[in-house]
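Throughout, a chain's letter reflects where its sequence line sits, starting with A, and its residues are numbered from 1.
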Protein chains: 2
Amino acid sequence: MEMLRAYFNGFGALSEANMDFLLGHIHEGSLSKKQKLIQANQTVGSIYFVTEGFLHYYTHNDFGNQVTLKIIAPNFCWTIMDSFFHQRPTLDECQALSDVRFHELKKSDFLKIKAKNVILSNFIQNITEQILSAKALEVRKQLSMSAEERYLDILNTNPKIVREVPVSILASLIGTSRETLHRIRRRLSAA
Amino acid sequence: MEMLRAYFNGFGALSEANMDFLLGHIHEGSLSKKQKLIQANQTVGSIYFVTEGFLHYYTHNDFGNQVTLKIIAPNFCWTIMDSFFHQRPTLDECQALSDVRFHELKKSDFLKIKAKNVILSNFIQNITEQILSAKALEVRKQLSMSAEERYLDILNTNPKIVREVPVSILASLIGTSRETLHRIRRRLSAA
DNA sequence: AAAAAACTGTGTCATATGACACACTAACAA
DNA sequence: TTGTTAGTGTGTCATATGACACAGTTTTTT
């Protein structure tokens, strides 16, 4: 729980009472490798915060191929926004790449926290804005960077992902094939 | 102003007083073709809502080539999130592709509206969540769709953009070259 | 009205990429 | 331990793409 407390503190100070109220609505969970957190056609009812292990968020394109949308690493807060906010089923899936430990905030509790008082409501608003800002940067990177640059970006910001995630999944995440990612690596190690 | 009022009504009902307070802080503006709304190294101080014409939001990649990040069409609410929320300069630019009319909400007024009362604060929170949800879908499309699929997607959801925007800019938006977009079009019209 | 600039559509060509195939190693289950 | 499955790294080959070039058109400027 300390990891989550530190995460929240990063968004500003909260009184002990408010922090307790917040943390009091969050529950722990775990998955063993290959278990699915989200199944296709499911409606996502929670926000998740990973503390250990890696989650693989993916979908299938129109040709039936699996496409990686995100690797969720420890210290990352995640949900499928569209499904969570609109309470409609998603076509995507989320699976544990390793044994995973996480915290979970149910939508009903999320609403309770927002309704509790002005401080908490503003706190949530602030987090939402930060996440929105980060998502916009993601779009920007996706459009302006090459596969190689995206690979180097992940290597810089989250080297553990590069070490722990299978090449095929990593390649899909940066929008290229397994073989081309190998070529990129060869090129980089040659230089 | 009616267009903006309709836009807000789409997010839920507001009392006349609250709606007036909201609209009272929004100012009109215009640009003539080729004028820049945002210059590189500028800090973005407002949220914009376009009512007429098209804006071209773009940046430059590491090789100095211009990359289109978004075409902002009428009825669309836009800002550079990172610069606006963190008040730091952006490297991106935003230029009018045609004569443009827009509404503008300054950051200071945005804060005043959030602080006015619970209703307005929740209203803004709601809009933020919707925009976040839309941004996440954008990332998803970018990763899971091919250039051709993205072209068809724009053609379906916003045909005016396809008609009004130069091919080179449109090609850049869907992540391909001007020539390849021509090839896509030839392929589609042949079928 | 004339000149300049911006944009479109298409052809040629080199090349980066994806698809396929295969050997090898690591991880896992019976 | 042994057999099975999952993952890695690399080679070959067809092809979709980007870069370049150019002619024709439209738009803008003077």
Practice task
Output yes when a side-chain donor or acceptor of B:Arg150 lies under 3.5 Å from a complementary backbone atom of B:Met145, and no otherwise.
Solution key: yes

Problem - A:Phe85 side chain reached by A:Thr79 side chain, heavy atoms, under 4.5 Å - result: no

Exercise for the section: Give a yes or no on whether the ring-centroid distance for A:Tyr48 and A:Phe76 is below 6.0 angstrom. Expected result: no

Exercise for the section: Please determine, by modelled atom types, if B:Thr59 and A:Arg140 share a side-chain donor-acceptor pair under 3.5 angstrom. Expected result: yes

Problem - 5′-ward residue of the pair B:Lys34/B:Arg185 relative to DNA chain C - result: B:Lys34

Exercise for the section: For the residue pair A:Phe21 and A:His25, categorise the inter-ring angle as parallel (less than 30°), tilted (30 to 60°) or perpendicular (more than 60°). Expected result: tilted

Handout entry: Whether over 12 other heavy atoms sit under 6.0 Å from B:Lys116 NZ
Key = no

Practice task
Mind checking salt bridge (charged side-chain N to carboxylate O under 4.0 Å, His left out) for A:Glu149 and listing every partner two or more places apart, or none if nothing turns up?
Solution key: none

Completion exercise
Under a 4.0 Å heavy-atom cutoff, the residues of residues 138-177 of chain A touching DNA chain C are A:Thr176, A:Ser177

Problem - Boundaries of the DNA chain D segment in contact with chain B, non-hydrogen, under 4.0 Å - result: D:dT17 to D:dT28

Handout entry: Short side-chain N/O contact to C:dT10 OP1/OP2 from B:Arg183, under 4.0 Å
Key = no

Exercise for the section: Answer with yes or no whether the side chains of B:Glu138 and B:Gln142 bring together a donor and an acceptor at under 3.5 Å. Expected result: no

Exercise for the section: Rounding to 10 degrees, work out the angle separating the end axes of the helix from C:dA1-D:dT30 to C:dA30-D:dT1 (five pairs an end). Expected result: 50°

Exercise for the section: Over 60° means perpendicular and under 30° means parallel, so classify the ring planes of B:Tyr7 and B:Phe49, tilted if in between. Expected result: tilted

Problem - With A:Glu16 via salt bridge (charged side-chain N to carboxylate O under 4.0 Å, His left out) - residues at least two apart - result: none

Problem - Any side-chain donor near an acceptor of the partner, A:His56 and A:Thr68, under 3.5 Å - result: yes

Exercise for the section: Classify the side-chain pair A:Gln130/B:His86 by whether it contains a donor and acceptor separated by less than 3.5 Å. Expected result: yes

Practice task
For B:Glu179 and C:dT8, give me the distance from atom CD to atom P, rounded to whole Å.
Solution key: 12 Å

Problem - Contact under 4.0 Å: B:His182 side-chain N or O vs C:dG9 OP1/OP2 - result: yes

Problem - Donor-acceptor side-chain pairing of A:Tyr57 and A:Asp92 below 3.5 angstrom - result: yes

Within the sub-3.5 Å range, which N or O atoms of nucleotides 24-30 of chain C have a protein N or O partner, and how far apart are they?
residue : atom : partner : partner atom : Å
C:dC28  : OP1  : A:Lys33 : NZ           : 3.2

